[in-house]
S.K.: 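Here you go, one structure.
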Amino acid sequence: MVHALRRIHGSLRPEGVLLDLHPEPKRTGVEVWQGDLIHRLGHLDQEEDISDILEARARLDLVESDGWYVTERQRFFDLLSHFPSTGAWLDYLALEGYSSGGSAELIASADELLAADSGEVVIREPIRASVLRSTRP
Amino acid sequence: MSSPIDPEGTESAIIHELVDFSGADVLEVGCGDGRLTWRYAEAAAMVLAMDTNGEKIARATGATPASLRSKTSFLVADIADVELSPDAYDVAILAHSL
C-alpha cells in the first residue's frame, strides 16, 4: 500500500488531494428497523478486518510522516446499507465477496423480528474520510 | 437494482463537503462497481476508475449513465502495476481499499 500511495502521489498535480475512505477499526453493527423502532442486534465478528484496518492506517501514517502527504481534514460517519431481509443481505455479501458475516444467532434474531413484523436489516459501518494534500518530500 | 448502500446519501454529502470535484480530473482506486463514482463524476472533468475485480468493473462499465460515458473510464488494474501519467490528476480517491 505504501508503494500504491507513492504512485498515486506521483500522478497527482501539485496541490492535488487524496481522499481516503476506509472503515474505522470498530465492528460493524447489525440492526433491524421496524418503523421508528431500531433493534440493535449486535456486531459482525471482524477481528481480522480490524487488524487489517489498523495496518492500513499505519501505512498511511508512514507516508504522511515521510512527507508525501499532509492530512487537511477528516470526517467520521456511519455508512448504512439497507436490505429487505437477511437473505438479501447474505446474497449481497456473497456477491461482493465479503468474508465477514453475521453469526447464526444474530441472523436468527433478525429473521425472528422480520417474521413478526415488516422491516429491514440495516448494516452500520463506521467510516473515516480523510483529505490528504499532496506535498513534495 | 439500486445499491442498498447509503440510500441516505451521507457518504455523498461528506465527500462533496471535503473535496471540490468541479472540473477536476479524478483517479479512483478500488472503485468496485462504480457506486461511489456516480456520486461525483457528474461534477468532474474526467474520471479514471480502477479495480482489480473484473466482474465489478464489468458491472460498472455496463451501468455507466450515457451522460458520463464520454468522461468516465473503468479499468481492471492494480494501482501497483498500472502505468500512470505524472501530474495528471487533481483528486485521487482511495475508496475502501486496504
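Just so we're on the same page: letters track the sequence lines, and every chain starts at 1. These numbers were taken from a predicted model, which means no experiment stands behind them.
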S.K.: Can you tell me if B:Lys71 has over 12 outside heavy atoms packed within less than 6.0 Å of its NZ?
M.R.: yes

S.K.: What's the shortest heavy-atom distance between A:Arg7 and B:Glu83, and which atoms?
M.R.: NH2-CA, 3.9 Å

S.K.: When rounded to the nearest 0.5 angstrom, what is the spacing between NE2 in A:His22 and CG in B:Leu94?
M.R.: 8.5 Å

S.K.: So which of B:Asp78, B:Val82, B:Asn53 has the largest heavy-atom pair count under 4.5 angstrom toward chain A?
M.R.: B:Val82

S.K.: If you count heavy-atom pairs within less than 4.5 Å of chain B, which of A:Arg75, A:Gln74, A:His3 leads?
M.R.: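 Heavy-atom pairs under 4.5 Å are most numerous for A:Arg75.
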
S.K.: Atom CG in A:Asp20, atom CG in B:Leu18: separation rounded to 0.5 Å?
M.R.: 11.0 Å

S.K.: Hey, which of A:Leu80, A:Leu79, A:Ile123 is the one that makes side chain to side chain contact (heavy atoms under 4.5 Å, CB included) with B:Ile5?
M.R.: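 Single pass found, and it is A:Leu79.
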
S.K.: Between B:Trp38 and B:Tyr40, is there a shared hydrophobic cluster once you connect ILVMFWY residues whose side-chain heavy atoms come closer than 4.5 Å?
M.R.: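 No, B:Trp38 and B:Tyr40 fall in different hydrophobic clusters.
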
S.K.: Same cluster or not: are A:Val32 and A:Leu93 linked, directly or through other Ile, Leu, Val, Met, Phe, Trp or Tyr residues, by side-chain heavy atoms under 4.5 angstrom apart?
M.R.: yes

S.K.: Tell me, yes or no, whether the heavy-atom count around B:Glu55 atom CD, taken from other residues, nucleotides or ligands under 6.0 Å, exceeds 12.
M.R.: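 Check fails, neighbour count at 12 or below.
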
S.K.: With rounding to the nearest 0.5 Å, note down the distance linking CG in A:Leu19 to CG in B:Leu27.
M.R.: 12.0 Å

S.K.: Among the options A:Leu95, A:Asp78, A:Leu60, pick out the one with the most heavy-atom pairs lying under 4.5 Å from chain B.
M.R.: A:Leu95

S.K.: Heavy-atom pairs under 4.5 Å with chain B - which of A:Glu72, A:Arg6, A:Glu120, A:Arg73 has more of them than the others?
M.R.: A:Arg73

S.K.: Given heavy-atom pairs under 4.5 angstrom as the criterion, report whether the side chain, backbone, both or neither of B:Val26 touches chain A.
M.R.: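 Looking at B:Val26, nothing touches chain A.
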
S.K.: Just one of B:Asp20, B:Val91, B:Asp90 clears the side chain to side chain contact (heavy atoms under 4.5 Å, CB included) bar with A:Val17, so which one?
M.R.: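 For A:Val17, the side chain to side chain contact (heavy atoms under 4.5 Å, CB included) test succeeds with only one of B:Asp20, B:Val91, B:Asp90, which is B:Val91.
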
S.K.: Quick one: CD1 on B:Ile14 to CZ on A:Phe77, what's the gap to the nearest 0.5 Å?
M.R.: 5.0 Å

S.K.: Linking I/L/V/M/F/W/Y whenever their side-chain heavy atoms sit closer than 4.5 Å, directly or via other members, would B:Leu75 and A:Leu12 fall into one cluster?
M.R.: yes

S.K.: Given a strict heavy-atom distance threshold of 4.5 Å, which part of A:Leu5 is in contact with chain B: side chain, backbone, both, or neither?
M.R.: side chain

S.K.: Report which part of B:Glu11 has an atom under 4.5 Å of a heavy atom belonging to chain A: side chain, backbone, both, or neither.
M.R.: both

S.K.: Flag yes if A:Leu113 and A:Trp89 sit in one hydrophobic cluster, no otherwise; membership is Ile, Leu, Val, Met, Phe, Trp, Tyr, and two members link when side-chain heavy atoms are under 4.5 Å apart.
M.R.: yes

S.K.: Side chain, backbone, both or neither: which part of A:Leu132 has an atom under 4.5 Å from a heavy atom of chain B?
M.R.: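 Neither; nothing under 4.5 Å.
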
S.K.: Are A:Phe83 and A:Val122 connected in the hydrophobic side-chain network, where two residues link if heavy atoms are under 4.5 Å apart?
M.R.: no

S.K.: With a 4.5 Å cut-off on heavy-atom pairs, point out which of A:Ser81, A:Ser11, A:Gly10 contacts chain B the most.
M.R.: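 Looking at each option in turn, the highest pair count goes to A:Ser11.
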
